[in-house]
**Q** 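Next up is a structure, given as structure tokens.
In this chain, residues are counted from 1 in sequence order.
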Amino acid sequence: QGQLVESGGGLVQPGGSLRLSCATSVFPLDYYAIGWFRQAPGKEREAVSCISSRDGGTYYADSVKGRFTISRDLATNTVYLQMHNLTPEDTALYYCGTGPRVVSLCSAYRTPIQDYWGEGTQVTVSS
């Protein structure tokens, strides 16, 4: 509990922007890859973006390319997801996490045996 903490969600109008934050005191970002996933009601959790620990390399789902940007601050051990031009289809509970599911997309020097997730932050895009 509390190993990954998301914040920054909220209600925004279509076309708006939000920046999500994922803070961790357990998984150093220079060793662990961190990913953002989202889950809408009735749908499976899907990968949105992740950032590699090795070189800061990134992955984006096709649905968010050109609109979302992932970044990290090694000093504060925080990963950010800047989201622009949001649409109602982006409405979901957004989770940050690390583990095998993230490493399948972004490389890392270390990987937990299991997936770890935060509790999520709700993003709602609606007029």
**Q** Considering all heavy atoms of both residues, which atom of Val103 and which atom of Ala108 are nearest to each other, and what is their separation?
**A**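 Val103 and Ala108 have their closest heavy atoms at CG2-CB, 4.1 Å.
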**Q** What are the two closest non-hydrogen atoms of Val79 and Trp36, and how far apart are they?
**A**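 Looking at all heavy atoms of both residues, the closest pair is CG1-NE1, 3.6 Å.
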**Q** So do Arg101 and Phe37 actually touch side chain to side chain, heavy atoms under 4.5 Å?
**A**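 SC-SC contact between Phe37 and Arg101 confirmed.
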**Q** Working to the nearest 0.5 angstrom, can you tell me the gap between Ile51 CD1 and Ser49 OG?
**A**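 Atom-to-atom, Ile51:CD1 and Ser49:OG are 7.5 Å apart.
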**Q** Side chains of Asp90 and Arg67: does their closest heavy-atom pair fall under 4.5 Å?
**A**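 Counting from C-beta outward, Asp90 and Arg67 do come under 4.5 Å.
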**Q** Which pairs of donor and acceptor atoms, one on a side chain in residues 20-30, lie under 3.5 Å apart (sequence neighbours left out)?
**A**
| from | atom 1 | to | atom 2 | distance (Å) |
| --- | --- | --- | --- | --- |
| Thr24 | OG1 | Gln3 | O | 2.8 |
| Thr24 | OG1 | Val26 | N | 3.1 |
| Thr24 | OG1 | Phe27 | N | 3.1 |

**Q** What pairs of residues pass the disulfide (SG to SG under 2.5 Å) test when at least one of them lies in residues 40-83, not counting sequence neighbours?
**A**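 As it turns out, the disulfide (SG to SG under 2.5 Å) pairs with a partner in residues 40-83, which skip direct neighbours, are Cys50-Cys106.
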**Q** Using every non-hydrogen atom in the two residues, find where Thr111 and Pro100 come nearest and quote the distance to one decimal.
**A**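 Residues Thr111 and Pro100, closest heavy atoms: CG2-N, 3.8 Å.
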**Q** Among all residues two or more places apart in sequence or in another chain, which pass the salt bridge (Lys or Arg N to Asp or Glu O under 4.0 Å) test with Asp55?
**A**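 Once residues adjacent in sequence are excluded, Asp55 has no partner under the salt bridge (Lys or Arg N to Asp or Glu O under 4.0 Å) criterion.
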**Q** I'd like a table of donor-acceptor pairs (distance under 3.5 Å, sequence neighbours excluded) in which one partner is a side-chain atom from residues 10-19, with atom names and distances.
**A**
| from | atom 1 | to | atom 2 | distance (Å) |
| --- | --- | --- | --- | --- |
| Ser17 | OG | His84 | ND1 | 2.7 |

**Q** Could you tell me which residues satisfy side chain to side chain donor-acceptor pair (under 3.5 Å) with Gln122, sequence neighbours excluded, listed by chain and number?
**A**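 Per chain and number, Gln122 pairs via side chain to side chain donor-acceptor pair (under 3.5 Å) with Thr124.
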**Q** Checking Lys65 now: which residues fulfil salt bridge (Lys or Arg N to Asp or Glu O under 4.0 Å) with it, not counting sequence neighbours?
**A**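 Checked Lys65 against salt bridge (Lys or Arg N to Asp or Glu O under 4.0 Å); matches are Asp62.
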